[in-house]
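As structure tokens, the structure follows; a few thoughts come after it.
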Amino acid sequence: MREVIDSETLLLRIEAASAILLVAFTLAALYWFSWKCASGVLLGGGIVILSFQILKWQLRRALLKPGKLLSKAGIFTSYYARYLATLFLVFLVMYLGLATPFPFLAGLSVMVLSMILVGAFEFIMMKKGES
């Protein structure tokens, strides 16, 4: 059976997949629809990727300092501050009409799709190693 890959490699694969999906979705929206749709996909994907990067930074800061564990209140406060900031950005984009809803939602789903794709790839590779 194959060794479990380390978390850094898995994170790099998810980040690479999300970047590839964002570019592919943006170009597809530009080709088949309009610049307004493509900008919505790009804006949604940019917001969710930025939020993921901030979450990664927060968790590293909280968990990788040996001997100096942050308080639970501090971790939860920073987590919900990031969540509320992301929510505010989504609200602002929709309120100002910078993006149409469906392409924006497609952009926001980039991270979820990349996690599903990387997980499915890892599962398939694990099953191939067993047979």
Side-chain angles (χ1 to χ4, degrees):
M1 187 166 168
R2 193 179 98 154
E3 279 293 315
V4 177
I5 62 172
D6 65 331
S7 59
E8 282 299 317
T9 305
L10 195 58
L11 274 175
L12 287 175
R13 286 182 184 172
I14 291 172
E15 291 168 353
S18 63
I20 291 168
L21 283 176
L22 180 60
V23 169
F25 284 2
T26 303
L27 290 176
L30 186 61
Y31 180 74
W32 280 304
F33 299 107
S34 66
W35 173 250
K36 179 100 171 158
C37 287
S39 65
V41 171
L42 188 62
L43 200 53
I47 288 173
V48 77
I49 288 173
L50 177 66
S51 177
F52 183 77
Q53 292 299 320
I54 293 171
L55 175 65
K56 186 173 83 168
W57 172 77
Q58 286 175 328
L59 290 175
R60 278 194 177 144
R61 196 183 86 205
L63 301 174
L64 289 183
K65 288 186 178 180
K68 188 178 181 184
L69 191 62
L70 297 176
S71 69
K72 287 181 186 178
I75 293 171
F76 285 122
T77 303
S78 67
Y79 177 82
Y80 285 112
R82 178 196 56 85
Y83 178 73
L84 289 174
T86 303
L87 192 63
F88 179 72
L89 282 175
V90 169
F91 168 76
L92 203 61
V93 167
M94 290 282 82
Y95 183 75
L96 295 176
L98 298 175
T100 53
F102 289 119
F104 187 64
L105 185 61
L108 287 174
S109 66
V110 162
M111 284 306 297
V112 173
L113 287 174
S114 65
M115 288 179 200
I116 290 170
L117 288 174
V118 169
F121 174 76
E122 288 300 318
F123 179 75
I124 291 169
M125 295 310 289
M126 200 167 46
K127 285 295 184 184
K128 272 188 176 180
E130 287 180 0
S131 12

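The residues of the chain are indexed from 1 along the displayed sequence.
In this structure, CD on Glu122 lies 12.0 Å from CG on Leu117, to the nearest 0.5 angstrom. Rounded to the nearest 0.5 Å, atoms CG (Leu22) and CG (Leu113) are 11.5 Å apart. Note that CD1 of Ile124 and CZ of Phe121 are 8.5 Å apart. Values are rounded to the nearest 0.5 Å. Rounded to the nearest 0.5 angstrom, Leu84 CG and Leu89 CG are separated by 11.0 Å. One distance of note links CZ of Phe25 with CG of Leu42; it measures 13.0 Å at 0.5 Å rounding.
Both Val48 and Leu11 are part of a single hydrophobic cluster, where members link through side-chain heavy atoms under 4.5 Å apart. Transitive grouping of hydrophobic side chains (ILVMFWY, heavy atoms separated by less than 4.5 Å) keeps Ile47 and Leu87 in distinct clusters. Linking ILVMFWY residues whenever their side-chain heavy atoms come closer than 4.5 Å, directly or via other members, leaves Ile116 and Phe123 in distinct clusters. In the hydrophobic cluster analysis, where Ile, Leu, Val, Met, Phe, Trp and Tyr join through side-chain heavy atoms closer than 4.5 angstrom, Trp57 is grouped apart from Leu12. Put simply, Trp35 and Val23 are part of two different groups of oily side chains (I, L, V, M, F, W, Y) that touch within less than 4.5 Å, one to the next.
Contact annotation: the side chain of Tyr79 never approaches that of Leu59 to less than 4.5 Å [non-hydrogen atoms, C-beta and beyond]. Put simply, the side chain of Thr26 does not reach to within 4.5 Å of the side chain of Leu30, judged on heavy atoms.
Partners of Tyr95 under the ring-ring contact (aromatic ring centres under 6.0 Å, His included) rule, at least two apart in sequence or in another chain, are Phe91. Partners of Ser51 according to the side chain to side chain donor-acceptor pair (under 3.5 Å) rule, which considers only residues two or more places apart in sequence or in another chain, are Arg82, Thr86. Take Lys36 and apply the salt bridge (Lys or Arg N to Asp or Glu O under 4.0 Å) test, not counting sequence neighbours, and it matches no residue.
Screening residues 102-117 for side chain to side chain donor-acceptor pair (under 3.5 Å) gives no qualifying pairs among residues at least two apart or on separate chains.
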List, one per line, each side-chain donor-acceptor pair under 3.5 Å for residues 14-21, sequence neighbours excluded.
residue, atom, partner, partner atom, Å
Glu15, OE2, Gln53, NE2, 3.1
Glu15, OE2, Lys56, NZ, 2.5
Ser18, OG, Ile14, O, 3.3
Ser18, OG, Glu15, O, 2.8

Return all side-chain donor-acceptor pairs below 3.5 angstrom for residues 97-107, not counting sequence neighbours, or 'none' if the list is empty.
none

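Its side chain within the 4.5 Å cluster rule, Ile54 clusters with Leu50 among the Ile, Leu, Val, Met, Phe, Trp and Tyr residues. Here Tyr31 is tied into one hydrophobic group with Trp32, Phe33, each link being a pair of ILVMFWY side chains closer than 4.5 Å.
Residues Ala29 and Val41 share a closest heavy-atom pair of CB-CG2, 4.1 Å.
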